[in-house]
Novice: 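A single structure is presented below for examination.
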Amino acid sequence: MRAGVLLLTLWRTWALLAGLADLATGSCFNYRECKTYGSGVVQPFNGSAYHVKTSCSFTITRFTHQGVQCDITAQRVNSSGLVKRLEIIINKVRTIILSDGDMTVENQRVSLPYDHTYQHIFPYGAHTRLSSTVLPLTVTWHDNTRGIDSIWVQWHGDKISGMEGLCGQLHVPANRDMLISTSVMQDGTCLTEDSLEDTHRDCQRIMSISVPCLGSRTNHYYHLCSQNAYKQKDVNVTCAFFRDLAHMCGPGTSTWRDWKDLTKCPDYVCPGDLTFQELGHAFIPTCSNPTPRVCEQDMTSTCVCPTGQRSLSLVTM
């Protein structure tokens, strides 16, 4: 037991020192990222994004690193494609997030911020983030009143062999068909279908202004957009794609400037008196922490205090 506590203490100390060193150079940890959003768009760790239409449970990523097992799975609602259940198992600790916002750790309902020996869960901008203390890994998601519309996994460590799931492997280009066949859990009660598409006016509009950003990838992203929006009536699904594209292109591009006017996507809803900001610090200033850490990695869609005010609540970092 003492050896385990010592290893955990050494890990946290190393992470803190490494983080301070990176902050001194103006950046945070280098990381690799995998995302899934909308009705089934997947951006793997390595390779081109693709679309999966399934109501079956699927593995986002699964691996073992230095004896610690990680297994992240999800399941979408068949009618909309929004995720209704996200399950994260790290070091045998099971965290379940449901579409209604209910969250349990080891079958116990929890609220934010939540601290555990092996993980922390806290507000991260307009999202929620789970940060592991035993793996260099974070899982971040955004939920609305109907389900989870976006999930992203960030790996801040070295190369791992034997990774499974729709995210693929860190340094091997993704093979869409192989990843789907090995990651989607068919059980006879769910359905996996071909990703169909039709003409979608908002997809046409946003792609017309995104050519300078996407270049040769424009046609590929148009098809992804059309697949994501196929027969969709839920604005949370279509807007998840448009928002991700805008953030990928970034400030200063026509996509960033005009995407909301073209698509009429609403801002995220923020709690209390906080106001939404499309790009800002994930950690808002508080009375106890007026200058939270700032690095490129922590710039995201966020909820901020009214001008000149600070939150009275503590910020979990």
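Residue numbers run from 1 in the order of the sequence given.
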Novice: Please find the pair of heavy atoms, one from M163 and one from T61, that lie closest to each other, and give the distance.
Specialist: CE-OG1, 3.6 Å

Novice: How far apart are the closest heavy atoms of S39 and Q232, and which atoms are they?
Specialist: CB-NE2, 3.8 Å

Novice: Does any donor atom in the side chain of S254 or R257 lie under 3.5 Å from an acceptor atom in the other side chain?
Specialist: no

Novice: Consider only side-chain N and O atoms of Q119 and T95, and report whether a donor and an acceptor are under 3.5 Å apart.
Specialist: yes

Novice: Any Lys/Arg nitrogen of D244 or K35 sitting under 4.0 Å from an Asp/Glu carboxylate oxygen of the other?
Specialist: yes

Novice: Indicate the atoms forming the closest heavy-atom contact of L179 with L166, along with that distance.
Specialist: CD1-O, 3.5 Å

Novice: Grab the two heavy atoms, one from L274 and one from C270, that are nearest each other, plus how far apart they are.
Specialist: O-CB, 3.5 Å

Novice: Ignoring hydrogens and angles, state whether a donor on the side chain of T36 or R76 is under 3.5 Å from an acceptor on the partner side chain.
Specialist: yes

Novice: Indicate yes or no: does D202 engage K264 in a salt bridge with an N to O separation below 4.0 Å.
Specialist: no

Novice: Do the two ring centres, one from F283 and one from H281, sit under 6.0 Å apart?
Specialist: no

Novice: Is the centre of the H65 ring less than 6.0 Å from the centre of the W155 ring?
Specialist: yes

Novice: Apply salt bridge (Lys or Arg N to Asp or Glu O under 4.0 Å) to D267 and K260, showing your working.
Specialist: CA-CA 9 Å; D267 289 342; K260 284 188 179 179; 2.3 Å; yes

Novice: Determine the minimum heavy-atom distance between R85 and L98, stating which atoms define it.
Specialist: CG-CD2, 4.1 Å

Novice: Report yes or no: does T218 contribute a side-chain atom to a donor-acceptor pair with the main-chain N or O of M207 at less than 3.5 Å?
Specialist: no

Novice: Can you label the angle between the H142 ring and the H127 ring as parallel, tilted or perpendicular, going by 30° and 60°?
Specialist: perpendicular

Novice: Which atom pair, heavy atoms only, marks the closest approach of Y222 to T199?
Specialist: OH-CA, 4.2 Å

Novice: With a 6.0 Å cut-off (strictly less than), is the heavy-atom count around CG of D102, excluding the residue itself, greater than 12?
Specialist: yes

Novice: Rounded at 0.5 Å granularity, tell me how far CG in L137 sits from CD1 in I160.
Specialist: 8.0 Å

Novice: Hydrophobic clustering (ILVMFWY, side-chain heavy atoms < 4.5 Å, transitive) - are W259 and M248 grouped together?
Specialist: yes

Novice: Assess the residue pair D234 and S80 against the criterion (side chain to side chain donor-acceptor pair (under 3.5 Å)); give the C-alpha distance rounded to whole Å, side-chain angles, the decisive distance to 0.1 Å, and a yes or no.
Specialist: CA-CA 7 Å; D234 195 324; S80 69; 4.6 Å; no

Novice: Please determine, by modelled atom types, if S210 and T255 share a side-chain donor-acceptor pair under 3.5 angstrom.
Specialist: yes

Novice: Applying a strict under-4.5 Å side-chain criterion to I, L, V, M, F, W and Y, I'd like to know whether L170 and V153 cluster together.
Specialist: yes

Novice: Salt-bridged, R94 to E106, with N to O below 4.0 Å?
Specialist: no

Novice: Is any side-chain heavy atom of C203 closer than 4.5 Å to one of F241?
Specialist: no

Novice: Determine the interplanar angle of the Y118 and H116 rings, folded into 0 to 90°, and report it as parallel if under 30°, tilted if 30 to 60°, perpendicular if over 60°.
Specialist: tilted

Novice: Any side-chain donor-acceptor pair under 3.5 Å between S301 and E278?
Specialist: yes

Novice: Considering residues at least two apart in sequence or located in another chain, which fulfil the side-chain hydrogen bond (donor to acceptor under 3.5 Å, both in side chains) criterion with T253?
Specialist: none

